[in-house]
Amino acid sequence: MTTAPRPRVPIKPGYFTVPDDPSQPPKLLATKCNICGEHYFPRRAICARAACLSEDVTDVEIGPRGTLYSYTFVHMPLFGSSNLEHMDGYGVGQIDFPEGPRVQLPLAGKKDDFHIGQTLEAELDKMREDGNSDVVIVRFRPVENSK
């Protein structure tokens with residue numbers, strides 16, 4: 001007998017998608033300025049470019065792939081997580097997206113798995129359980145053969 005997968009809910013709504021199909025990667029919820037074309041994450045009500053400052057913006061999805069610009073590893077448990085994988089510490093990377101923004105997000109894997117310039121892809125990771133749901137975060141893992 002196969003049990004149905006538990007519903008997944010974001011740790012904070014409004015930052016990333018949670019696809020119905022667990023095999024599909026999440027995307028970041030961003031804003032695009034319709035005047036100058038800049039993208040922002042997290043979402044904004046106005047464009048942040050001093051030369052623009054337009055309120056003509058649209059909510060868009062970006063990702064799920066980006067390029068690793070820089071990274072570091074923190075050697076403490078991930079705060080608030082009950083996932084044993086997070087007890088050895090975690091990585092944080094600055095990821096450049098094709099749409100333009102550079103975003104700082106958690107990494108999935110060990111320090112030796114990463115190098116500057118490699119392609120990363122978003123995935124959802126369970127932080128903890130909350131009733132009948134899994135509370136998830138978005139993190140980025142190296143794409144195979146991206147070295």
Side-chain angles (χ1 to χ4, degrees), residues 5-129 133-147:
R6 294 167 52 91
R8 300 175 301 165
V9 296
I11 192 164
K12 184 167 176 135
Y15 286 90
F16 55 90
T17 64
V18 179
D20 291 333
D21 180 351
S23 70
Q24 294 299 308
K27 293 186 178 182
L28 300 181
L29 300 175
T31 298
K32 177 183 178 187
C33 176
N34 295 317
I35 302 303
C36 71
E38 285 288 326
H39 286 76
Y40 298 97
F41 176 83
R43 293 185 285 189
R44 305 181 57 90
I46 63 168
C47 178
R49 284 188 61 224
C52 185
L53 300 177
S54 173
E55 295 180 19
D56 184 8
V57 296
T58 303
D59 290 340
V60 296
E61 295 177 356
I62 63 172
R65 288 188 174 192
T67 302
L68 185 61
Y69 173 79
S70 181
Y71 67 100
T72 190
F73 272 75
V74 180
H75 300 286
M76 319 180 48
L78 184 59
F79 181 77
S81 177
S82 61
N83 186 333
L84 289 178
E85 180 184 338
H86 299 157
M87 295 305 129
D88 290 336
Y90 59 97
V92 177
Q94 290 187 328
I95 303 161
D96 289 335
F97 288 90
E99 296 86 356
R102 176 176 293 153
V103 179
Q104 185 168 304
L105 294 160
L107 300 175
K110 303 294 181 199
K111 185 177 180 180
D112 291 339
D113 297 340
F114 296 93
H115 65 273
I116 303 300
Q118 80 187 127
T119 301
L120 305 179
E121 184 171 62
E123 69 178 24
L124 294 177
D125 186 39
K126 180 176 132 182
M127 285 280 289
R128 64 180 176 270
E129 294 179 1
S133 300
D134 289 337
V135 177
V136 295
I137 60 169
V138 67
R139 64 184 192 168
F140 282 76
R141 178 174 301 282
V143 173
E144 297 298 321
N145 303 320
S146 64
K147 288 188 176 184

If I take atom [atom1] from residue [X] and atom [atom2] from residue [Y], how far apart are they, to the nearest 0.5 angstrom?
X     : Y      : atom1 : atom2 : answer
Arg6  : Glu129 : CZ    : CD    : 4.0 Å
Tyr69 : Ile95  : OH    : CD1   : 13.5 Å
Thr72 : Lys111 : OG1   : NZ    : 7.0 Å

With sequence neighbours left out, which residue pairs that include part of residues 20-29 fulfil the salt bridge (charged side-chain N to carboxylate O under 4.0 Å, His left out) condition?
-> none
Side-chain donor or acceptor of [X] paired with backbone N/O of [Y] under 3.5 Å:
X      : Y      : value
Arg43  : Asp59  : no
Ser54  : Asp56  : yes
Thr119 : Val143 : no

Quick one: are [X] and [Y] in side-chain contact, heavy atoms under 4.5 Å?
X      : Y      : answer
Ile137 : Leu124 : no
Leu29  : Thr17  : yes
Leu28  : Phe16  : yes
Gln24  : Pro64  : no
Arg49  : Tyr40  : yes
Pro101 : Ile62  : yes

So, Glu123 and Arg139, do they make that salt bridge, N to O below 4.0 Å?
-> yes
Asp96 bridged to Arg102 by N-O distance under 4.0 Å = yes
Tell me the closest heavy-atom pair linking [X] and [Y], and the distance in Å.
X      : Y      : value
Ala122 : Val138 : CB-CG2, 3.9 Å
Cys47  : Val57  : N-CG1, 4.0 Å
Arg8   : Pro22  : NH2-CA, 3.7 Å
Glu121 : Pro25  : OE2-CG, 4.0 Å

Does Ser133 have any side-chain contact (heavy atoms from CB on, under 4.5 Å) partners at least two apart in sequence or in another chain, and if so, which?
-> Pro7, Val9
Can you sort out the partners of Phe114 under side-chain contact (heavy atoms from CB on, under 4.5 Å), two or more places apart, ordered by chain and number?
-> Leu68, Tyr71, Phe73, Leu107, Gln118, Leu120, Pro142
Could you tell me whether Phe140 and Phe97 have their ring centroids closer than 6.0 angstrom?
-> yes
Glu61, CD: over 12 other non-hydrogen atoms inside 6.0 angstrom | yes
